[in-house]
Every structure is written in C-alpha cells, then in structure tokens.
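First the structure, in the form of structure tokens, and then the observations on it.
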Amino acid sequence: NGTDKYADSNVYVSSVDLAGATTKPIDFDGYNKLTLVNAGENAVSNVKYFSNTYEMGSASTFYIKDTGTYDLEMSGSNVFALSSNVVGALATELEWKSTEDQILYGSDPGANDNFGHAVAVDGNYAVVGSRYNDTGGTDRGAAFIFYKSGGTWTEQAMVQPSDTADNDWFGRGAAISGDYVIVNAYSKTTNNTGQGAAYIFYRSGTSWTQQAKLNASDGAAGDAYSFSVDIDGDYAICGALNEDPGGTSNAGSAYIYVRSGTSWSQQAKIQASDKEASDAFGRGVTISGDYAAVGADNEDTNGSNAGSVYIFKRSGTSWSQQQKIQSSDIQADDYFGGGAGQGVSLSGDYLAVGARKEDTGGSEAGSVYIFKKASGTETWTQEAKLQASDVSAASEFGISVSLSGNTLAVGANREDTIGTDAGAAYIFERSGTTWTEVKRITASDGQANDYFGESISTDGITTFVGAFGEDTKGSAA
C-alpha cells in the first residue's frame, strides 16, 4: 500500500538442495583430502562424520581415512553454506615412510655450505636454504627452489638477492606460500652492519624473480632482522630478535608486511607487551590468516630463559597482542618458542610450540606443546604435550616444528640413535583432541653430526627435513 512495514519473522529450513549448484563448497580429491571451496573472509567451518564433529576453524583442508558422508557447516561475514560429500572409496591410505623418498642437493654444492639449514614445502614446490653458499663470493648464501613432477623433485631455480654481498648468510631461513618465497639474510649490511634484510621471490611459469627486498622501517646495526621469516598469502612476517624497542636492549621485535599488486609494504611493527632486555622476541615467527605468533625463548617469566610465545590478531590494518602463552609445566631454560627460527607454527585454530631443552624424559630431551583457539572467546589453551616415542636426553626434540591441518612434523636435530647428533624427525596426526606419533623418520645415510631435523616443513602430504651437517658433497655441505 506504499508504506514501509516491518515485522519479526522466523524462517525454518528443513532441507537445502544443492543439486543445481555449479560448484559445491566441499570437494573431494579422490584420494584422502576434502577441500572447502571459496570459504570467504573470516569463515569458520565444522565437518561432521557420523557422530563426530571436527572443528575446522579457518582451515580449508581436511584429511580423511574413512568412507562415508561428510557434512559441512560453513559460516562467515559473506558466506553461509550447508553441504555434504559422500566418499565412496579412498585411494591407498596415506602412510608416512620411515626414510626418505629422495635426497636433494643444490646444483653447486661445496663444503660448509649448510644446504638444508632452512626448508619449506607447499604442494609441488619447495625451497631449501644454503646460508654459507659461496656463489659470487664468501658466505653470500643461496636458496634453491625445487619442483615435483611425476613424483620426482628437481631443481627449478637457484636464487640470490639482487644486491648479494659477502657474509649475507642468505638462506638461513625460508618459507613458501603458493607462488611466493621469502628468504632471510639476517647478517645483511643494509645501511648498518648486521641490520638484516629479507627478500621475496615470485614465480611466473618456471621462472623465479625477486619481487621485493624487505627492511625494517627503523632498522639499526645488529638487529638481526629476518632471523626468522614466514609467509602466508599476501602477508609476510620477519623477526628481529636483537632489535631494541624503546631502547630495551635485545628485547626483539617483529615486522608484518602486506602485498598490494607487486609491492610489499610494512603494515605493523609488533612487540611483547611485557618486553624486557634480552628476551629475543622474534627468534621464531609464524603467520596464518589473521593471526601471527612470535617466540621469545629467552623470556624469563617463571624462570630464566623459560620462554614465552605471543599471539597477535589482525583487525583491518592493525595488529594487536591477543595473548601470551607458556607451557603448563614451564621451567627455567626450557627455551619455549625458540629453536632455529622454526620453533612456532600456526595452522588454522592450532599452534605448535617447541621447547627444545625441556627436561621431561632427560636433560634437554625436548617437548612440543599444542595450543587450540576456542571459537567465540578466542582464548588459546594447551591441548597436548608431545614427546618422541624414544625420548632421550639432549635430543632437542622441538628444535623445529611444522603444522599443517591435522599433521605435525617435529625435528630433533641432536638425536643419537644413528650417531652422535645424527638427528631424527617425527610425524604426529590429530584425531579429535588426541595427537599420536605415527612415524619416526631418519635419513637412510644418516651419520654423526648431520643434524637431520634442524629444519622441517610439512604440507600434510610431503615432509622436507634438512640436514645441514651432512657430508656427501663435502664437509657440512
């Protein structure tokens, strides 16, 4: 009748027919992976299988072991979906092997190159750092990018910075996300000695080219900027464990960058709310979606060098500290959140933190702690404490951690079964709230002082393990 009218109403949906949809929001790869399609910004999901409900949070992949009907509930700021996928058959169940499928070397190996000090894998691409590689000069460093085709990994590119120089130590840390790779050079002299820099490379076809050089907006000598790095989509993070925020010596800071087109710009500098001298905030960094976590393994709450991890959340263009976490049994000299730049790893609503010198089972045996974010309250609480099935003193289990969906890979670079400091790695899988070790991994040619497990990376299907002290191509090549 031409006038506006308003009334409360309820809509009852008894069924949703998606038969006419061009794509379903849940896709099965025919093997063992369900993927949530076009989840949208801030979407959270649950997958239900019979009476079991799995909280996916913001994760978009779900690995399965059983046939049947998987029901999806997805909601976000711009999406709501109900769907199901009937899985009638699975390919051969994925089982981790106890030794490698392939051993990789750089195309120009040399003694003391430390190839494998950093590793990262994402699908069919992986990057390996070689921090003391001498191509072009002494200890300049290099990173090698590998591509998998037909089940075989081959080198696709070797990259160095456009301004490579002696003693850059480029390749001590690296990460990969899709077509982007970030590599650190924390010893780089940019305006100041030992200030540090990070470099982002982009893939077009089979070519990788440098897209950006990252620096801290307030970089200073000795910051060790980019000691740790990570990248996820359009966001990258670099830790500077020796930076002096507010004049607090070596308290440490981290810097977050965002990509727009082909440009990367600093979006935020983050610090611990309770920063103190020599905390080494930035020893490890990880970023996933709207969340970042930073390890400060020399932080002293509950004991000297007990360590802490700080979780930050993005809102628009701002990042703010959400929570400070420690393990439930924290003690002095645990170095919680430390490691070789890979002591923290985020995936969806889960965070893995290594405490490589935790003493349960033996002095410096090491442990890994899993934290889960509660929906709604967004509080992070400890869900599990993990140790190796063959826990032993001085193994430093947790020197490196990598979390992808329900799969966790852990390095123990000083494990001695094969030889002193030969190293080992361990794969854990989650079912509900339980994390179970499913495989212990060693190198087929493992020897003393290989430090196998110093670096580790998994995408849930493939796991890369670095052994920077291995000698096949030369001592510690």
Side-chain angles (χ1 to χ4, degrees), residues 28-35 59-65 90-106 115-129 143-157 173-183 203 206 208 230-233 286 288 342 345-348 350 352 400-412 423-430 435-446 452-468 470:
F28 176 55
D29 69 349
Y31 181 61
N32 72 332
K33 183 172 72 173
L34 295 172
T35 300
S60 60
T61 56
F62 185 69
Y63 293 94
I64 63 176
K65 295 184 176 180
L90 295 171
T92 302
E93 183 176 326
L94 179 68
E95 181 177 347
W96 295 98
K97 297 179 180 179
S98 59
T99 190
E100 76 283 340
D101 281 321
Q102 193 174 345
I103 301 175
L104 303 179
Y105 305 98
F115 176 89
H117 202 286
V119 296
V121 61
D122 185 10
N124 292 328
Y125 292 89
V127 58
V128 180
F144 298 82
I145 299 172
F146 293 85
Y147 172 65
K148 183 178 70 173
S149 177
T152 300
W153 292 87
T154 56
E155 184 182 317
Q156 188 172 77
I176 185 171
S177 178
D179 295 330
Y180 293 88
V181 162
I182 185 170
V183 185
R203 182 183 67 87
T206 60
W208 292 84
D230 196 18
I231 189 168
D232 181 49
T286 179
S288 177
Q342 289 189 293
S345 182
L346 272 168
S347 181
Y350 291 87
S400 58
V401 295
S402 179
L403 185 61
S404 179
N406 297 325
T407 302
L408 169 69
V410 182
Y426 303 81
I427 303 292
F428 293 80
E429 292 180 349
R430 181 180 67 88
W435 293 81
T436 305
E437 182 186 315
V438 295
K439 192 63 66 174
R440 177 183 183 274
I441 299 172
T442 56
S444 60
D445 60 351
F452 178 90
E454 175 89 6
S455 58
I456 201 164
S457 178
T458 188
D459 64 359
I461 297 294
T462 303
T463 296
F464 269 59
V465 184
F468 76 91
E470 206 273 336

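Source: prediction; values computed, not measured.
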> Do you know which two heavy atoms are closest between Leu403 and Ser345, and how far apart they sit?
Replying inline: N-OG, 2.9 Å
>> What verdict does the side-chain contact (heavy atoms from CB on, under 4.5 Å) test give for Tyr125 and Val181, after you've listed the backbone C-alpha separation in whole Å, the side-chain angles of each residue and the deciding distance to 0.1 Å?
In response: CA-CA 10 Å; Tyr125 292 89; Val181 162; over 6 Å; no
> Would a 4.5 Å heavy-atom cut-off, applied to side chains only, mark Gln342 and Glu454 as touching?
Replying inline: no
> Which pairs, with at least one residue in residues 455-466 and sequence neighbours excluded, count as a side-chain hydrogen bond (donor to acceptor under 3.5 Å, both in side chains)?
Replying inline: Thr458-Thr463
>> With side-chain contact (heavy atoms from CB on, under 4.5 Å) as the criterion, how do Glu437 and Val410 come out once you've worked through the C-alpha distance, each side chain's angles and the decisive distance to 0.1 Å?
In response: CA-CA 10 Å; Glu437 182 186 315; Val410 182; over 6 Å; no
> Do you know which two heavy atoms are closest between Trp435 and Asn406, and how far apart they sit?
Replying inline: CZ3-O, 3.8 Å
> Of all residues at least two apart in sequence or in a different chain, which pass the ring-ring contact (aromatic ring centres under 6.0 Å, His included) check with Phe428?
Replying inline: none
>> Here's a test for you: under side-chain contact (heavy atoms from CB on, under 4.5 Å), which of Phe468, Phe146, Phe464 qualifies with Val119?
In response: Phe464
>> Could you report the tightest heavy-atom contact between Tyr105 and Asp445, atom names first, then the distance?
In response: OH-OD2, 4.3 Å
> Sub-3.5 Å donor-acceptor pair from the side chain of Thr99 to the main-chain atoms of Ser444, do we have one?
Replying inline: yes
> For Asn124, what residues pass the side chain to side chain donor-acceptor pair (under 3.5 Å) criterion, not counting sequence neighbours?
Replying inline: none
> So, do Thr407 and Trp96 sit near enough that their side-chain heavy atoms are less than 4.5 Å apart?
Replying inline: yes
> Backbone N or O of Gly453 within a donor-acceptor pair of the Ser400 side chain at under 3.5 Å?
Replying inline: yes
> Quick one: ring-ring contact (aromatic ring centres under 6.0 Å, His included) partners of Phe115, sequence neighbours excluded?
Replying inline: Phe144
>> Show the nearest heavy-atom pair for residues Ala120 and Ala174, with the distance to one decimal.
In response: CB-O, 3.9 Å
> Which heavy-atom pair separates Thr206 from Gln156 by the least distance, and what is that distance?
Replying inline: O-CG, 3.5 Å
>> Checking Ala424 now: which residues fulfil side-chain contact (heavy atoms from CB on, under 4.5 Å) with it, not counting sequence neighbours?
In response: Glu415, Tyr426, Arg440, Thr442
All N/O donor-acceptor pairs, side-chain side in residues 148-155, below 3.5 Å, sequence neighbours left out:
unit_1 : atom_1 : unit_2 : atom_2 : d
Glu155 : OE1    : Ser107 : N      : 3.0
Glu155 : OE1    : Ser107 : OG     : 3.4
Glu155 : OE2    : Ser107 : OG     : 2.9

>> Can you give me the closest heavy-atom contact between Asp122 and Gly178, atom names plus distance?
In response: OD2-N, 2.8 Å
> Hey, what do you get for CZ (Arg203) to CD1 (Ile145), rounding to the nearest 0.5 Å?
Replying inline: 10.0 Å
